[in-house]
Structures are given as structure tokens and as C-alpha cells.
Chemist: 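Below: one structure in C-alpha cells.
Chain A is the first sequence line, chain B the second, and so forth, proteins listed ahead of strands; every chain is numbered from 1. Computed from a predicted structure; not experimentally measured.
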There are 2 protein chains.
Amino acid sequence: MSAVASTVSSTASTHALSPRLPAPALDIDAVAAHVPVLRRRLLAGQHLFRAGQPFRALYFVHAGFLRTSLVTSDGREQVTGFSMRGDLLGAESIGSATHVNDVVALDTCEIVELPYPAVLAACLAVPQLHGALMQALATELRRDRSWMLAIGTLSAERRVAGFLLDLAERYKALGFSASHFVLRMSRVDIGNFLALKHETVTRALSHLAATGLIEVDRREIRIRSTSQLEALACGCGDEARAA
Amino acid sequence: MSAVASTVSSTASTHALSPRLPAPALDIDAVAAHVPVLRRRLLAGQHLFRAGQPFRALYFVHAGFLRTSLVTSDGREQVTGFSMRGDLLGAESIGSATHVNDVVALDTCEIVELPYPAVLAACLAVPQLHGALMQALATELRRDRSWMLAIGTLSAERRVAGFLLDLAERYKALGFSASHFVLRMSRVDIGNFLALKHETVTRALSHLAATGLIEVDRREIRIRSTSQLEALACGCGDEARAA
DNA sequence: CGTGAACTTGAGTCTCCTCAAGAACTGTGG
DNA sequence: CCACAGTTCTTGAGGAGACTCAAGTTCACG
């Protein structure tokens, strides 16, 4: 693999929902120096792992886009997040014999597999790694809670606005445009993640487009006014009402 | 303090929402042997810490009951969890200079303070501690996601049912009755946690009582039929419809 | 016994969901 | 290159669940 100095959980916490966080300094190459890493390639639709499979490794996203979800025996499903380059996957299964959720590629992905026992061992050898890993988990926790906040306190349209801003910020952190990007997930996925129905997501997007804050062309999104979108997403009255 | 071999995050993941998890084996006494612990006593209404205060330690609940919440600058609030004996607090602030949320006692509490740098150092000296701490964080992650699932996929009454079952299970794990307990938090707190209004929580409780699954007397809860409550909470059609 | 907080209950409203139909795009095979 | 099916997305109409507003009750505490 080329020398990509990616960072784990480079994404800060959810946009506009809690204090911004610096990217933890876990260098995947530093890990690779101590852990026998494997590379895996996934095509869109393939699973990285499924709930119930034995937990043996953490995964680092080198390229691509994935969806993590929880499925219950009675068929309910909850998308708990979307991952892109630099994100860590599988951490929630630490301490469990099996994976607790499903991760599926939404795109062609390149994944670095980090066998967990080896990672643990490496942590003892490299103290910084230990702290960095803890930090990665804590960052995950903060991110989840930011979304709990969004889902618990914002209307449908505001959740969608926040979702777009979060994506924008993450794309920006990876060097892509923050104002023009293509959604890799369906409306159903977005809705499931935000605790909304897909029709509601569509309506929210349509309405945001009608008010001129964004432009929508199927999965292509263009953000016209980040500031107004932010005002909407964080519920700060003024500009939000104007929209 | 008496020699209580408490475990961190002894509570399994949220009831009926995802696979049950074994309690991680982090013995607070083992930690105490390597870390200079401090004890703190809190009265109901006092804060253990607030968002913005410097992050310096993790906290272990030795007795009492606490509420964790996220507050935004525009006044929105999200309760992200309730903690009781054996739970770890402050983990979500690891890697952040300051605490990211508020923790307030709902009851008289006894808290063991574990200075974070010392905990990190102890992890290197005691490998098991390292794994146990990671596990505690992962358990938190699983718990949060189980609630995301509940909030995203269940109706108000089912969320409340799941909430009661979760509490029951946690009380049981601590050796208390799983079928008869007193809520330490207000309807407002429950509602905020479950993304509902307090009137809705009251109505859900009233209706559960009317159907005979529970008895409610202000904050005193008596569970009459755990199985029917479970059927309701996990959305498994049959018994749920009968109720 | 008075005050305030917490809880309960009702009535009306609104947001979001449900159901349904149609449009746009994708990939396949003729 | 076009027809076809399948999926995804859009939009509308109607309904249901949860919210809002409001009043009244109970309880805790001084």
C-alpha cells in the first residue's frame, strides 16, 4: 500500500451538534509497522462483516463508502452510521465474541484488516497506539451521541440539513468539495439513519432545494448556502425561520 | 470503602434490542491498586461535571444514580443515559480537552474518581486493564446504538416498555428486584432520553398500567408481566398485539 | 397549610407516516 | 439501439401518532 498517513476517525463529531474535535493522531502506517495487516477489496453490495460472525479484527477504511446497521430478529433495522476513508470499523464489537452489526459496502472499497489480538498486543508495545485507539472509540461515542441529540431534538428537515452538513464536512476533511458531492447512500438509508421515512427525506430535500439552500439532482447535492443550512440544522432561530 | 468487586459496565446492552453481552471483568479494586483513586460524594442535583470543564478523570459509580446529557448553545438538550452502581462515566470525553456533556446526580451518589493519565499508565502496567477499558467503551457504544435502534424503530409506548425493561435488568444485575423499583428520574428526563414529551411518557405508562402489564404509582413501578412487556418492546407481533 | 414542582388527563393541532401512483434512471437482453 | 423490468426517487392525499396547550391533581417541602 502506498504511504497514506490516514488518521483514524478523522471526522470530527457531528456538525453543529457538539464541540468540534481534533482528528486523533492514529497513523495507520504506524499500526501497520506492528500489526500484520491484510487488505480486502469489496464491491458495492458486499458485506465487510455481518452480525453474528466471529469478531477477529478491526477494519480501517482506505477507500470507499460503507453503511453500518443493526438488525433485530424481528426485522427492524437501524442504520447507525456511514464510513469513509480514514474511519475505523468494528470497534463496537470489541469484547464481544461476534460482530454485533452489519457493515456493507455502498461503493467499491479498500479495507485494511487489523487482527484484534495483534492490535491489543501492539498497544502495549506502542503506548501512543493505546491512547489513540481509546480516542478513536471515544470519538465514535461522541458522534453517536451527537446524532441522538439531532434525532431527539430536530425536525425532519433540520435533521436532513444536519446530515448534509456532516457529509460536507467529512468530504472536506478528505480534500473533496464540501459544497458539491454525490450521495453514496439511498434515501431509504438516509431515512433509516435519521429515523425518518424515505418519502420524508425526499420531501425535506425537495423543500431545501425549493428554498434555494441546496440543489438536488437525484444523488448529486450542491450546497448553495452553508451558513443558512447551519442555521437551520442547529436550530438557531433567526435564519432558520427566514428559510 | 468496603471491598466491593464491582465491574465496569456490568449492565448488558439494552434489553431485547441486541445480543446480550457478558459483563466486562474490570475490577475497580484492581484499578485502585494501580491508580490513586479519589472518592467524591454528591447530593441529588449536584453535578459530577459539566460540559466545558477540563477532562482529567474517569468516574466510577459506587452508589447512587446519575443522568448524562448533552446541551447545545441554542438550548436543546438530549439525555444520553442514566448511570448506576458499576457504571463508568466520562469515557466519551477521552481525547477531548474538556468534558463534552453534563452529568448530574439524581440521588445521593458515591463516585470513585480515576485520574485519566494514571489510568492510561496503569493500562500499560496491567494489560488486562487495557482490554477491559476498551471493552467498557465498546459496551457503551453498543448501548447507545441499541437506543438509537429503539428510538428509530419503536412507537412511544414500546420505547417506554423497553426503557422499563432495561432498568429492570440493570437493577436485577445489582441484586435488586427486577419487578419492583422506583424511578429516580422524572418523566421529563425519560421523555428527553427517549425522544418523547413528558406527557407522552405519562400516557404510555398509564396505558401500560391500564392493560395490566405494569402498575404505576408516581415513580414506583411494578412489572406485572415481563414477558408481555418484552413482546411489546421488541416489536414481536403476537403478544404485542394482544396487549 | 401554602407554594411549587411533578404528574395526569383532555382537546385540538401538526408533523410525519402510510398508501398509492407515476416518473426517472439502470442494467439487461434482444 | 431500443424495449423491458427493477429499483429508486418524487409527489399527492389522507390518516395516525405524538406534540402543544391548558387545566386540574397530587405530592414534597418549607
Side-chain angles (χ1 to χ4, degrees), chain A residues 43-45 67 76-79 104 106-108 150-164 182-211 214-221 232 235 240-241 243, chain B residues 43-45 67 76-79 104 106-108 150-164 182-211 214-221 232 235 240-241 243:
Chain A
L43 299 179
R67 177 190 69 211
R76 286 144 52 217
E77 178 170 10
Q78 178 67 42
V79 172
V104 61
L106 296 178
D107 214 350
T108 302
I151 289 167
T153 65
L154 298 179
S155 67
E157 192 170 323
R158 290 179 171 192
R159 283 181 226 176
V160 172
F163 179 76
L164 293 179
V182 175
L183 299 174
R184 297 312 195 334
M185 72 293 283
S186 70
R187 304 284 195 265
V188 173
D189 289 336
I190 298 173
N192 189 309
F193 179 58
L194 297 176
L196 299 170
K197 294 298 164 187
H198 69 96
E199 298 97 322
T200 306
V201 174
T202 289
R203 277 186 246 272
L205 288 172
S206 298
H207 188 245
L208 288 174
T211 55
I214 63 174
E215 281 174 35
V216 183
D217 177 16
R218 205 165 171 83
R219 293 197 179 178
E220 194 178 344
I221 301 288
L232 191 67
R241 271 195 299 275
Chain B
L43 300 179
R67 178 190 69 212
R76 286 144 52 216
E77 179 171 8
Q78 178 67 41
V79 172
V104 61
L106 296 177
D107 213 350
T108 302
I151 290 168
T153 64
L154 299 179
S155 67
E157 192 170 322
R158 291 179 171 195
R159 284 181 224 176
V160 172
F163 179 76
L164 293 179
V182 175
L183 299 173
R184 297 313 195 333
M185 73 293 285
S186 70
R187 304 285 193 263
V188 172
D189 289 336
I190 298 173
N192 189 311
F193 178 59
L194 296 176
L196 299 170
K197 295 298 165 186
H198 68 96
E199 297 97 323
T200 306
V201 174
T202 289
R203 278 186 246 272
L205 288 172
S206 297
H207 188 245
L208 288 174
T211 54
I214 63 173
E215 282 175 35
V216 183
D217 178 16
R218 206 165 169 83
R219 292 197 180 179
E220 195 178 344
I221 302 287
L232 192 67
R241 272 195 298 275

Chemist: In whole angstrom, give the distance that lies between atom CD of A/Glu157 and atom P of C/dC17.
Modeler: 14 Å
Chemist: Under the side-chain contact (heavy atoms from CB on, under 4.5 Å) criterion, do B/Val201 and B/Val188 qualify, and how do the steps go?
Modeler: CA-CA 8 Å; B/Val201 174; B/Val188 172; over 6 Å; no
Chemist: Taking atom P of D/dA18 as reference, at what distance in whole Å does atom CG of B/Leu205 sit?
Modeler: 14 Å
Chemist: Within the structure, does a side-chain N or O atom of B/Thr200 lie under 4.0 Å from either OP1 or OP2 of D/dC19?
Modeler: yes
Chemist: How long is the gap from CG on B/Leu183 to CZ on B/Arg219, to the nearest 0.5 Å?
Modeler: 7.5 Å
Chemist: Please report, rounded to the nearest Å, how far the P atom of C/dA6 is from the CG atom of B/Leu183.
Modeler: 14 Å
Chemist: Ignoring backbone atoms, establish whether B/Thr202 has a side-chain N or O less than 4.0 Å from OP1 or OP2 of C/dT9.
Modeler: no
Chemist: Is any side-chain N or O of B/Ser206 closer than 4.0 Å to OP1 or OP2 of C/dT9?
Modeler: yes
Chemist: Give a yes/no answer on whether the side chain of B/Arg187 brings an N or O atom under 4.0 Å of OP1 or OP2 in C/dT8.
Modeler: yes
Chemist: Identify whether any heavy atom of B/Ala195 sits under 4.0 Å from a base atom; if not, whether one sits that close to sugar-phosphate; answer base, sugar-phosphate or nothing.
Modeler: sugar-phosphate
Chemist: Between B/Asp217 (CG) and D/dT26 (P), how many Å, whole number?
Modeler: 12 Å
Chemist: Taking for each residue the nucleotide of DNA chain C bearing the nearest heavy atom, is the 5' side occupied by A/Leu196 or by B/Arg219?
Modeler: B/Arg219
Chemist: Could you tell me how far apart B/Glu199 (CD) and D/dG17 (P) are, to the nearest whole angstrom?
Modeler: 18 Å
Chemist: So among A/Leu164, A/Ile221, A/Thr202, A/Leu208, which one has a side-chain contact (heavy atoms from CB on, under 4.5 Å) with A/Val216?
Modeler: A/Ile221
Chemist: Select from A/Arg203 and B/Arg159 the residue whose nearest nucleotide in DNA chain D is closer to the 5' end of that strand.
Modeler: A/Arg203
Chemist: Given atom CG of A/Leu194 and atom C1' of C/dT15, what is their separation to the nearest angstrom?
Modeler: 16 Å
Chemist: Just call it for B/Ala204: base, sugar-phosphate, or nothing, with non-hydrogen atoms closer than 4.0 Å on any strand.
Modeler: nothing
Chemist: Check the distance between C/dA20's P and A/His198's NE2 and give it to me in whole angstrom.
Modeler: 13 Å
Chemist: Can you tell me how far C1' of D/dC9 sits from CD1 of A/Ile221, to the nearest Å?
Modeler: 12 Å
Chemist: For B/Phe193 and B/Ile151, which heavy atoms make the closest approach, and how far apart are they?
Modeler: O-CD1, 3.5 Å
Chemist: So how far is it from B/Leu196 CG to B/Ser155 OG, rounded to the nearest 0.5 Å?
Modeler: 9.0 Å
Chemist: Any idea which of D/dT26, C/dC25, C/dT18 is nearest the A/Lys197 side chain?
Modeler: C/dT18
